[in-house]
Amino acid sequence: MDGHVAGYAYGSEHRSREAYKSSCDVTVYVDPSFSRRGIGRALYIDLFERLKKREFHALFAGIALPNDASLGLHHSLGFKPVGVYQQVGRKLGAWRDVQWMQRLL
């Protein structure tokens, strides 16, 4: 990998209200030149263990559509679809629907 960052994963606050303090939004990104090597899966598995130790319970991932690779990764890690926000984000100059998925730890 020659010192290049192949990818990263992180968790962030799901909602600011106290009732949601055990819920977390999660994200994984893998540089396209490193795709299909299991990096995203490894990053997520490590992140999930860290979040579990911090007593998080519900994880949420928002996936800008279309993105079959990301949907496949999330499904394979136990995420279930919970809904689609239509035209909620902009990416590459166009409005994007975002598929929300959830996984319990």
Side-chain angles (χ1 to χ4, degrees):
M1 291 187 213
D2 300 324
H4 290 86
V5 175
Y8 59 86
Y10 66 89
S12 60
E13 182 178 60
H14 178 65
R15 297 283 183 268
S16 61
R17 293 171 58 189
E18 181 70 17
Y20 302 108
K21 73 178 185 177
S22 63
S23 295
C24 186
D25 289 349
V26 295
T27 299
V28 67
Y29 172 80
V30 176
D31 183 301
S33 63
F34 294 96
S35 66
R36 312 236 15 116
R37 297 185 194 181
I39 294 169
R41 173 179 298 280
L43 289 168
Y44 252 166
I45 289 170
D46 181 70
L47 176 64
F48 298 165
E49 287 303 314
R50 292 168 185 259
L51 294 172
K52 191 172 186 175
K53 288 177 185 174
R54 293 181 60 194
E55 299 183 1
F56 282 96
H57 175 68
L59 306 180
F60 297 92
I63 301 157
L65 301 175
N67 192 335
D68 290 340
S70 186
L71 289 170
L73 172 64
H74 286 83
H75 278 291
S76 75
L77 289 168
F79 282 84
K80 305 291 183 202
V82 293
V84 176
Y85 289 0
Q86 296 183 354
Q87 297 184 19
V88 70
R90 290 193 55 85
K91 185 175 180 181
L92 303 174
W95 287 107
R96 301 292 176 183
D97 293 349
V98 174
Q99 170 73 60
W100 282 93
M101 302 183 81
Q102 177 182 7
R103 179 184 194 267
L104 301 178
L105 289 177

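These numbers come from the heavy atoms of this one structure, side chains and all, not from hydrogens, waters or symmetry mates.
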Item to check | Set of residues satisfying side chain to side chain contact (heavy atoms under 4.5 Å, CB included) with respect to Ala64, sequence neighbours excluded | outcome: Lys91, Arg96
Checklist entry - Who are the side chain to side chain contact (heavy atoms under 4.5 Å, CB included) partners of Pro81, not counting sequence neighbours? => result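 Residues passing side chain to side chain contact (heavy atoms under 4.5 Å, CB included) with Pro81: His75, Gln99, Met101.
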Item to check | side chain to side chain contact (heavy atoms under 4.5 Å, CB included) between Trp100 and Asp25, worked out | outcome: CA-CA 10 Å; Trp100 282 93; Asp25 289 349; 4.2 Å; yes
Next on the checklist: Just verifying a value: how many Å separate His57 NE2 and Arg103 CZ, rounded to the nearest 0.5 Å?
Outcome noted: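 Between atom NE2 of His57 and atom CZ of Arg103 there are 11.5 Å.
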Checklist entry - Parallel, tilted or perpendicular for His14 and Phe60, by the 30°/60° rule? => result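 The arrangement is parallel - the two ring planes meet at less than 30°.
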Would [X] end up clustered with [Y] when hydrophobic side chains under 4.5 Å apart are linked, directly or stepwise?
X	Y	value
Leu71	Phe79	yes
Tyr10	Leu51	no
Tyr29	Ile39	no
Leu105	Tyr44	yes
Tyr8	Val30	no

What closest approach, in Å, do [X] and [Y] show between heavy atoms, and which atom pair accounts for it?
X	Y	value
Gly11	Cys24	CA-SG, 3.6 Å
Asp97	Gln87	OD1-N, 2.8 Å
Leu43	Ala9	CB-CB, 3.9 Å
Ser76	Leu73	OG-O, 2.7 Å

Checklist entry - How about Asp31 and His4: do any of their side-chain heavy atoms sit closer than 4.5 Å? => result no
Item to check | All ring pair (Phe, Tyr, Trp, His ring centres under 6.0 Å) counterparts of Phe56, not counting sequence neighbours | outcome: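 By the ring pair (Phe, Tyr, Trp, His ring centres under 6.0 Å) rule, Phe56 matches no residue at all.
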Checklist entry - Is the CZ atom of Arg17 crowded by more than 12 outside heavy atoms at less than 6.0 Å? => result no
Item to check | Salt-bridge criterion met for Glu49 and Lys52 (N-O under 4.0 Å) | outcome: no
